[in-house]
Structures are given as structure tokens and as C-alpha cells.
2 protein chains.
Amino acid sequence: MSPRRVTLADVAKAAGVSRTTASLVLSGRGRELRISQDVEQRVLRAADELEYRPNIVSVGLRTGTSRTIGFVSDTVATSRLAGDMIKGALEAARDRGFMLFIGETEGDAELERLLLQTMHDRQVDGLILASMFTRAIKVPKAITAAPAVLLNALPKQPTPLPAVLPDEVEAGRRAARVLLEAGHRDGIHLIGAGPGLRDVPPESVAAVERLVGIREALGEAGVKVAGARTCPDWQPEYGFAATRDLLHTIRPRALICFNDRIAMGAYQALDDAGLKVPGDVSVVSFDDHPIASWIRPTLTTVALPHYELGRTAVDVLFAEIGREHADAERVGEVHRVPMPLRSRESIAPPPAD
Amino acid sequence: MSPRRVTLADVAKAAGVSRTTASLVLSGRGRELRISQDVEQRVLRAADELEYRPNIVSVGLRTGTSRTIGFVSDTVATSRLAGDMIKGALEAARDRGFMLFIGETEGDAELERLLLQTMHDRQVDGLILASMFTRAIKVPKAITAAPAVLLNALPKQPTPLPAVLPDEVEAGRRAARVLLEAGHRDGIHLIGAGPGLRDVPPESVAAVERLVGIREALGEAGVKVAGARTCPDWQPEYGFAATRDLLHTIRPRALICFNDRIAMGAYQALDDAGLKVPGDVSVVSFDDHPIASWIRPTLTTVALPHYELGRTAVDVLFAEIGREHADAERVGEVHRVPMPLRSRESIAPPPAD
DNA sequence: ATCGGGCGCTAACCCGATTTAGCAACGGAC
DNA sequence: GTCCGTTGCTAAATCGGGTTAGCGCCCGAT
């Protein structure tokens, strides 16, 4: 159907030189290997006229490199939350002329093994092992065959793999400070986790770290958390239930919700109770999910920098690929990506009594 | 760092046969080419013991096939809406031992050209050209080098490429019928598009087709659309504004919103006006965006079958790959994937006057 | 004894590039 | 005139498989 691809041999013939010479010129090593200007020009012109493009599969076979990286996740591509992570990785890879293989394991270890194998069969130059939610994962043994980076995940056992994560602790501080700066000192309640560092959903690294940051910032200001309700899952209905229950006992001045979906549930409960955001109650949250700008009033939230996370993972991976010798003893550094604050309408000074 | 991969030569040596023989046995052609049981067993055992896995890059070079398909979209991976499309494609491809290259063009034709080229350089066996929103696209010339399928997109000019699309017309009928079945005959208003077929956002195929279906189903029942408001963009704020304006003039009995984000805005406007869903006003919508089950009352909506769309695209693509000769004269069929109704709480019989 | 034919396997070429080793031609020094 | 060093290029091996053509062997038939 399509005309045969132009190969290096075609270019060489058109330029009247050997394949070797054509290869040398096109790989830029012509100068150092004393190819004459004349020949160089002929090769370049021929390649240009024939619209020659090297067959990457062939190069891959010879050099063992494929200009491809594998992006393996539990459910990142799928989940609508972290699509930007892929986008960041995609663009960073593209900047270097690399393509991305995408694979999903859905948490299945066997599937993960198979997927990593398939990627190695295709000679990927590196791997990004991503998790939808920040959490500690068991690093599969099969991964050691190529440079790799953990994205949004921490290794359960120490490994030489670097990890890229959002700076959740600083995010927690940031959320707390927003309230402090608006003048809040009393009646600050947490919805989703806390008050203790063990009162968190299982496996949620983000919960613990956000909590640490919140308590740190409030503590420095001499402010105490007035109360906290955990949610078994960070979904709107649990945020709604937790807030409704809270309102039965007390009237808060401000809520720190552990994510935007919880905040959405909280909005509904506040609305039911006839309380206005932010006039009666200020709300700050985390993630910057799209709904944060859809609900009314729009929600102030500390954003998960998905795009930057993806980009950073690729950058770190390329540093890893560039590294000469993998040192099995080395413990991978942890790169923290800042979580920016998105200031919107849900915060006001506390109501005068 | 990692020990060298086991190659076919290693297996052959371990089994005490030639590479040819090993290749024949492992590709299953041993029987027809009269390899003895004994040798066959030796080769299989050696391959097993050495954990031999064929190098797909090498196979690709020889056979011109890469067991890989390219998924090129404007912003599908990115956008949180259609991640399931990728998931469906991913799983369907995996079922056949294929991997997915992901690429995004962001609507840039030059980027698209480059991306398709890069994919061809990697010998992809087929391409899926996907669009975030259903729309007519200009099919790039570069695509003809491999079998391809349009996903969620229609070609502007006739092409031999098949297309996979959601069945929006039937979805429109379905939405209308839900209201009819609940007893609604009057006061049905459209938010987002209509009443005329030209009253739609630019380039939106979905709007036109949904509208066709809605008018068809209502028409068959002898019911007239009471009114309609277009929205320049299908976002919550426009749905809110359109509904608020509508409520200034009239009190509707039911709303057909053209997507869930518009419906979310409509909910807010109804709430502001003190109207209850579904007691005062029933609401039906399209897409089954996650918020449809987050807002209260939960929203009845006709779902975009993203997962199925992705799967179907891959299935159609494989049929295309299997096809012997590409017939340039053929006009690609259009495959319509049903949009299922998600019945929730937002519909009730019209209030008794 | 010779020939023909089926059986069981392998040598050798191919895919499209990179890379190593080395060859021919030329010029200058002795 | 010989030797040596440069210059400018190429033959050939290589990556890891798939595939074609055909080789040796044994057996039965002539």
C-alpha cells in the first residue's frame, strides 16, 4: 500500500557513496572521521531529497536503545485525576524525541510483571512507575533491567530508585497558613483525617503528610485544631456525612478538607445547615480537582501539580539514564514538587461574634 | 548492569541445535516442518529454563511488525474526561499482546505530522486517531502509511478509514424517552443547544446528533420542545446563566441538559430559585461525568461509553490490519457504540398543577 | 549396486542501521 | 626510489531474530 520506506542504502546510492559514509555523515561524525565537504553535502542533499528517516527499530536493534520510555501505572491513564501527569511526561519525553509506552496494572502484581517484561522485550530505555494516589509500593524485581523512577510513590523497602512526589507537607502548611492569614485562630476543623497522625485512611501517604504540615503551621502560630473527622474514603458522600455530623455538635469557623471531593460534600452539608461559605465558614482544600472551580463559591485549594510531576519524573529518569554505572548501594533521592495554592472565593475572615 | 538477555542463539546452543531449528520450534512451525518430538522437547525445555523471551525489536526489524499501535489524540490522555477511552484501548490491545504508544497533538497539525512520522519510524502496526470531543477532523495525509481508525471523530472528506463513534442520536432519543416515560409532555426545555439544528456550539457533532434524537423521540410522542437555550461553551457557568435566564421568564417542568457540567450549573440556578429537583423540575443529561453521581440529587444521564469506544476502536483496527489489500476507493464504515442510560434520582413525574 | 524420495535438520541470507578495522592514493622526507 | 603518515573512504561484522533453499542420511524399489 505505501511505497517502501527510504533506507540508508537508498541515500548512499543516490549520493554515490557507501552506506558507511552515509551513516557517518548523518550521525554527525563525518567531521571527526575526515569525510570531505563535497561528500558530506552530497549525502545531506540526497537524504533531504529522498526524505530519508532512519528506521528506529533498526537503530534499536543495533544500539540497544529505542528512544522510548515506559509509563507503568496502577490506574493513572484511566483515572481522570492524573491525566496531566501523563501529559507532563509526554511533553518532556517529546522534547527529547522520545515516545511513551503506556501500561496499566490495576494493582495486579502479576499483570505488572508481565507488563514490565513486555516493555523490556521492546527495549525501553527507561521506566516510570507511577501510582494514582501517593503511596508506598513494593518495587517489582523485574524493574532493575532498566533505569527507573517512581512517580507519586515511595518504595516500601529502600531501593536505588529515585522518587518524584508532591510536597504534601508544605501543602499542608500552606493550607493552614491561608486560614491563619485570613485571621482564623479558633474553630478550625479538619474533614477527612486527623486529629492524630494515625487517624488517616489506610495507605494514604498524602493524608499523613498533609496533616503534619497543617499541625506544624498551626502549631507555630500557637493555634490548636478544634476538631477533626476522618473519612473512610475521600468521596463527596463521606465529606457530606462527616460535615453533617460535625454540624450537629458544633459550629465551625473554618474547614480544612483533605481533598476537593470531600469539600464538595462539606459544601452540601453546610448548605443544608443554612451556613454560607465563606461568610459563616471558610473552606480550604487540596488537589485542585476541576470541580473546585465549578462549585459555588469557587474553592480555594492547594493543587496537586500533576503536569509538573510527570515532567519531573521524565527529567529525573533521563538523569538516571545518563548515569554511567548503577550503584546498587545508592539510596534513591526523593524529589519533592511544590504544590501551588489556588486562591478562590471560599475563604474570608472569621465572622465577628 | 543487568545480565545480558537470553537470545535465540543461547537457547539453540543449550538444546544442541541450530538457531533455525530453535526458531522453527518456538514459532510453532516445527510440526509442519518435521522437527522430531525429541528435538522439539529439548528446545522448549531449554527456552523455558533460560527464560527465553524473543526480542521484539529484532522480530520487528525482520518482519516489519512491532506488535504496537499508536494512539494519537488531540488531548485525550490529558483531559480527564476520556481516560477510559485509553483504558479500553489499552486492554483490548493487551489482550492481543500489543502495546500502545500515546501521543498528543493538542490540535496542532504540524505536531500531528511529526507524531505520526515518529510512530511510523517505530513501525507501528496501526494507528488510532482520537478526538476528545466528537467532531469532524481533517485526516492527515501521513496516516495512510499504516492501517488506521478514527475514534470519536468523523472525516471531513470521505476516506477509506473506518470511524468509531458514540451513538448520539439514540442517546438523544433515550434522554427524551426517559422524560416521556415519567409522564412529561409539557414544559420540557433544552439547555445547551437548540431548538433548531443550527443552534449549536461550533464544531459540535454531539450537539446536533443529540438534538436530532431528542426531537425525533418527542416528535413521535406528539410532544413539542417548550424552549431551548444555547450555551457558547458547555461549562457549569454557562449552564447556570442559561438556566437562570430561563427561570426569569418561565417555570419549566423538565430540563434536558446537553451535558453534565451544564446540568451542574442548572442545578445551582434551580437551587437559587428555590426549585427542587426532581419534585419541581426533572433533569436529564448526557456524558455520565463523575460529578453526575456527586451532585445532589444524583443526576440521571446518558453515558458516553468511553471504555467501550476505546475497545471498539482497537477491535476495528485489528480487523483493518487483518484486511489484505487496502482499497483506496472504499469508504470507511462508521461504527456506532450505544450510550447507556444511567438512571438516578433527578427524574420524577411532573408536579400536579 | 544404484536411484529416488522422504525425513530431519541447518547454512546462509535478510531486515536497516552502527561500528570496527583497514585499504588505496597521495605527498613528503630521506 | 623507498618508506611512512595522512587523507578519505569502504568492506565486513554485528545486533537477534525469520525464512528460503538445500544438504546428508536412511530406506525401499529397481
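We name chains A, B, ... by the order of the sequence lines, and we start the count at 1 in each one.
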Original post:
Cut-off 3.5 Å, side chains only: do Asp125(A) and Thr65(A) have a donor facing an acceptor?
Top reply: yes
Can you measure [X] atom [atom1] to [N] atom [atom2] for me and round it to whole angstrom units?
X	N	atom1	atom2	answer
Arg122(B)	dG16(C)	CZ	C1'	16 Å
Asp10(A)	dG16(C)	CG	P	9 Å
Gln37(B)	dC9(C)	CD	P	11 Å
Arg62(B)	dC13(C)	CZ	P	13 Å
Glu40(B)	dG8(C)	CD	P	12 Å
Ile35(B)	dT10(C)	CD1	P	8 Å
Arg67(A)	dA17(C)	CZ	C1'	14 Å
Arg19(A)	dT20(C)	CZ	C1'	14 Å

**OP:** Would you mind telling me which residue lines up with the more 5' stretch of DNA chain D, Arg29(B) or Ser58(B), judged by nearest nucleotide?
**Re:**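 Closest to the 5' end, via its nearest nucleotide, is Ser58(B).
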Original post:
Could a donor-acceptor pair under 3.5 angstrom be found where the side chain of Thr20(B) meets the base of dA12(C)?
Top reply: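 Answer yes: a donor N or O sits under 3.5 Å from an acceptor.
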Subject >> Distance-only donor-acceptor test, Thr63(A) side-chain atoms vs dA17(C) base atoms, 3.5 Å >> reply: no
Subject >> Distance in Å, Asp74(B) CG paired with Glu106(B) CD, rounded so as to fall on 0.5 Å steps >> reply: 9.5 Å
May I ask you to say what [X] touches in the nucleic acid, namely base, sugar-phosphate or nothing, with a heavy-atom cut-off under 4.0 Å?
X	result
Val57(A)	nothing
Leu61(A)	base
Ser23(B)	base
Thr7(A)	sugar-phosphate

Original post:
Distance check: side-chain N/O of Ser36(B) vs OP1/OP2 of dC9(C), anything under 4.0 Å?
Top reply: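 The answer is yes; a side-chain N or O of Ser36(B) sits under 4.0 Å from OP1 or OP2.
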Original post:
Looking at Tyr52(A), does any N or O in its side chain come under 4.0 Å of the phosphate oxygens OP1/OP2 on dG16(C)?
Top reply: no
Nearest heavy-atom pair of [X] and [Y]: which atoms, and what distance?
X	Y	result
Ala89(A)	Leu100(A)	CB-CD2, 4.0 Å
Ser58(A)	Leu61(B)	CB-CD1, 3.7 Å
Ala153(A)	Ser131(A)	CB-CB, 4.0 Å

**OP:** Measure from the ring center of Phe101(B) to the ring center of Phe71(B) and say whether it is less than 6.0 Å.
**Re:** no
Subject >> Pairs involving residues 92-103 of chain B, ordered by first then second residue, that meet side chain to side chain donor-acceptor pair (under 3.5 Å) (sequence neighbours left out) >> reply: Asp95(B)-Arg311(B), Arg96(B)-Asp315(B)
Subject >> Start and end of the DNA chain D segment that chain A contacts, any atom under 4.0 Å from a heavy atom >> reply: dT7(D) to dG16(D)
**OP:** Ignoring the backbone of Leu24(A), work out which of dA17(C), dC9(C), dT19(C) is nearest its side chain.
**Re:**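 It is dT19(C).
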Subject >> Option passing side chain to side chain contact (heavy atoms under 4.5 Å, CB included) with Arg336(A) (candidates Leu165(A), Thr312(A), Val164(A)) >> reply: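 Going through the options one by one, the only one that passes is Leu165(A).
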